[in-house]
Novice: 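One structure coming up, written as structure tokens, with questions to follow.
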Amino acid sequence: MTSLSVEILAAGAAEPITSAGNARLGIAVLAGIAVIVLLITKFKLHAFLALTIGSLALGAFAGAPLDKAITSFTTGLGNTVAGVGVLIALGAILGKLLADSGGADQIVDTILAKAGKSGGRAMPWAMVVIASIIGLPLFFEVGIVLLIPVVLLVAKRGNYSLMRIGIPALAGLSVMHGLIPPHPGPLVAIDAVGANLGVTLALGVLVAIPTVIIAGPVFSKYAARWVDIPAPDRMIPARPSEDLENRPSFVATVSTVLLPVVLMLVKALVDIVVDDPKNHLQRVTDVIGSPLIALLAAVLVAIFTLGRAAGFSKERISTTVEKSLAPIAGILMIVGAGGGFKQTLIDVGVGQMILDISKDWSIPALLLAWLIAVAIRLATGSATVATISAAGLVAPLAADMSTGHTALLVLAVGAGSLFFSHVNDAGFWLVKEYFGMDVGQTVKTWSVMETIISVVALGFVLLLSLVI
């Protein structure tokens with residue numbers, strides 16, 4: 001039991017963790033989540049404010065003194081921002097350099113030129129590869145804005161079905177966003193359950209590859225039959241690199257984007273093979289493969305391989321870095337508030353309640369984590385909020401888990417956070433407007449694709465749990 005729970009009990013403000021106490025805490029959790037959902041959906045309040053108010057409401061419903069609930073929230077917010085805030089900022093800088101330098105366009109053009117020689121059969125697979133590579137350092141919304149012009153141009157000029165090209169691209173972005181660090185959701189979940197980042201990244205790639213194939217190129221065949229619409233001309237904007245005289249090379253760009261992933265995977269591999277904290281090789285890889293150093297190294301390399309290669313002056317690079325940080329302020333606050341909500345959940349004893357429920361119901365921990373994330377995703381529409389909240393709820397389940405199963409717990413939460421995007425999700429409307437679809441068409445394509453990703457990823461997570 002946590003310090004706050006002990007203090008609450010000492011004050012006589014809450015019941016012990018018995019069946020009656022579990023019932024009260026269960027009602028408090030549902031009420032707190034309901035407050036967040038209502039504020040986001042009904043009153044259109046920003047997610048940061050909704051999470052803040054919902055956290056205080058949760059504490060009040062659970063019988064916690066208000067000052068203790070405030071302490072829990074602020075502690076969780078501070079710890080979360082301290083843990084992932086710098087990583088989110090570095091990822092944003094890398095993504096901005098990739099976009100503004102024309103590096104993203106260079107990846108797109110090179111792969112599409114190769115795919116075009118196959119007569120178009122390889123085009124959906126090319127879109128998956130493009131989206132997956134570009135999606136590694138970019139936030140989902142930024143990735144959509146960057147890729148949609150390419151999707152529309154390819155569909156228009158090649159006379160391809162819009163869904164045949166668009167669904168693979170969206171699947172690649174969504175899978176990266178939900179399962180692969182350094183995206184905010186997976187990073188926060190890793191921090192919450194104490195998972196190993198390198199192992200989570202490695203297992204996440206194993207789950208992501210078959211998942212994106214099934215939800216992307218395979219599903220796009222059916223989506224193209226269900227929704228056959230042309231690419232809307234009005235939504236084809238100018239590409240970022242059209243005004244640039246030079247662009248970085250394909251090899252340099254891909255190498256830069258993959259650098260942090262390679263460094264983190266090397267660390268995970270050495271940790272598994274060597275497993276000796278005193279070994280010099282392991283000590284070196286522990287440093288260079290840490291998320292902070294890996295991303296910082298990628299940003300410093302990108303300044304030369306992307307920025308300078310595009311002909312950017314020192315002042316232009318500095319401006320690009322500065323512009324990359326402003327848009328993530330809202331994301332940082334939402335992630336931080338989500339961490340505050342998670343800490344409030346833990347401090348009022350909800351973690352113990354989840355442990356009790358999982359024992360009483362005999363639900364596998366990975367499936368329970370997925371179900372909780374699905375429920376919050378459906379209610380709030382936010383994959384990030386679902387990931388953060390669910391990770392906080394199921395964190396106690398990781399106490400007795402192996403390193404591999406703890407990583408799979410993170411992936412189960414990430415998979416659940418992607419389930420059935422609908423009208424309360426900003427991504428739903430972004431895809432609808434860019435592709436010129438109505439609500440029904442968006443549900444039959446985008447929403448179904450998200451559900452396939454969620455269910456298929458869970459399936460592979462459960463399969464991996466049987467062999468590791």
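Since we're looking at a predicted model, the values are computed, not measured. Nothing fancy with the numbering, it's 1 onward along the sequence. Note that these values count all heavy atoms, side chains included, but never hydrogens, waters or copies made by symmetry.
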Novice: Is it the case that R164 places NZ or CZ above or below the six-membered ring of Y160, under 6.0 angstrom from the centre and within 45 degrees of the axis?
Specialist: no
Novice: Just how far is it from atom CD1 of I288 to atom NZ of K267, taken to the nearest 0.5 Å?
Specialist: 10.5 Å
Novice: Could you tell me if the side chain of L367 sits less than 4.5 Å from the side chain of L458, heavy atoms only?
Specialist: yes
Novice: Please list all pairs passing the ring-ring contact (aromatic ring centres under 6.0 Å, His included) test where one or both residues lie in residues 191-224, with sequence neighbours left out.
Specialist: F219-W226
Novice: Just by distance, do the side chain of T305 and the backbone of V301 share a donor-acceptor pair under 3.5 Å?
Specialist: yes
Novice: I'd like to know if the side chain of H405 reaches the main chain of S465, judged simply by a donor and an acceptor atom lying under 3.5 Å from each other, with no hydrogens or angles considered.
Specialist: yes
Novice: Supply the atom-to-atom distance I33 CD1 to L38 CG, rounded to the nearest 0.5 angstrom.
Specialist: 13.5 Å
Novice: Going from CG on L263 to CG on L296, what distance comes out if it is rounded to the nearest 0.5 angstrom?
Specialist: 11.0 Å
Novice: Taking all atoms of both residues into account, what is the closest heavy-atom pair of V413 and A373, and its distance?
Specialist: O-CB, 3.4 Å
Novice: With V394, which of V410, I372, L366 fulfils side chain to side chain contact (heavy atoms under 4.5 Å, CB included)?
Specialist: I372
Novice: Between M437 and V431, does the side chain to side chain contact (heavy atoms under 4.5 Å, CB included) criterion hold? Intermediate values first, please.
Specialist: CA-CA 8 Å; M437 297 186 288; V431 171; 4.0 Å; yes
Novice: Once rounded to the nearest 0.5 Å, what's the spacing between atom CG of N79 and atom CG of D191?
Specialist: 8.0 Å
Novice: Find out whether M127 and I130 are in side-chain contact, i.e. whether some heavy atom of one side chain is under 4.5 Å from a heavy atom of the other.
Specialist: yes
Novice: Check whether any side-chain heavy atom of W370 lies under 4.5 Å from a side-chain heavy atom of V461, and answer yes or no.
Specialist: no
Novice: What's the separation between atom CG in D105 and atom OG1 in T110, rounded to the nearest 0.5 Å?
Specialist: 10.0 Å
Novice: Are L408 and L203 side-chain neighbours, meaning at least one heavy-atom pair lies under 4.5 Å?
Specialist: yes
Novice: Side chain to side chain contact (heavy atoms under 4.5 Å, CB included), that's the test. Do F420 and E450 meet it? Break it down for me.
Specialist: CA-CA 5 Å; F420 195 73; E450 287 283 87; over 6 Å; no
Novice: Could you check if a side-chain atom of T200 sits within less than 4.5 angstrom of a side-chain atom of P186, using non-hydrogen atoms only?
Specialist: no
Novice: Could you check whether any side-chain N or O of S454 sits under 3.5 Å from a backbone N or O of A415, counting only pairs where one atom can act as donor and the other as acceptor?
Specialist: yes
Novice: Quick one: closest heavy-atom pair of V35 and G54, and the distance?
Specialist: CG1-CA, 4.1 Å
Novice: Where is the tightest heavy-atom contact between F48 and I334, given as atom of each residue plus distance?
Specialist: N-CG1, 4.0 Å
Novice: Please check: side-chain N/O of S447 versus main-chain N/O of S421, any donor-acceptor pairing under 3.5 Å?
Specialist: yes
Novice: How close do I229 and M163 get, heavy atom to heavy atom, and via which atoms?
Specialist: CD1-CE, 4.5 Å
Novice: For L94 and T256, what are the C-alpha separation, side-chain angles and deciding distance, and is it a side chain to side chain contact (heavy atoms under 4.5 Å, CB included)?
Specialist: CA-CA 9 Å; L94 181 58; T256 303; 4.2 Å; yes
Novice: Look up atom CZ in F312 and atom CG in L97, then write down how far apart they are to the nearest 0.5 Å.
Specialist: 7.5 Å
Novice: Between H422 and L378, is there a donor-acceptor pair closer than 3.5 Å when you use the side chain of the first and the backbone of the second?
Specialist: yes
Novice: Whether D109 and R247 form a salt bridge (side-chain N of Lys/Arg under 4.0 Å from carboxylate O of Asp/Glu) is what I want to check.
Specialist: yes
Novice: I'd like to know whether L269 forms a side chain to side chain contact (heavy atoms under 4.5 Å, CB included) with L265, so could you lay out the CA-CA distance, the side-chain angles of the two residues, the decisive distance to 0.1 Å, and finally the verdict.
Specialist: CA-CA 6 Å; L269 182 63; L265 286 177; over 6 Å; no
Novice: Which pair of non-hydrogen atoms, one from I36 and one from A50, has the smallest distance, and what is that distance?
Specialist: CG1-O, 3.5 Å
Novice: Between I93 and S324, is there a side-chain heavy-atom distance shorter than 4.5 Å?
Specialist: yes
Novice: Do the side chains of F341 and I388 get nearer than 4.5 Å, heavy atoms only?
Specialist: no
Novice: Give the minimum heavy-atom separation between M449 and I167, together with the two atoms involved.
Specialist: SD-O, 3.6 Å
Novice: Check whether S220 reaches the backbone of P217 with its side chain - one donor and one acceptor, N or O, closer than 3.5 Å.
Specialist: yes
Novice: Do V227 and F435 touch side chain to side chain, with heavy atoms closer than 4.5 Å?
Specialist: no
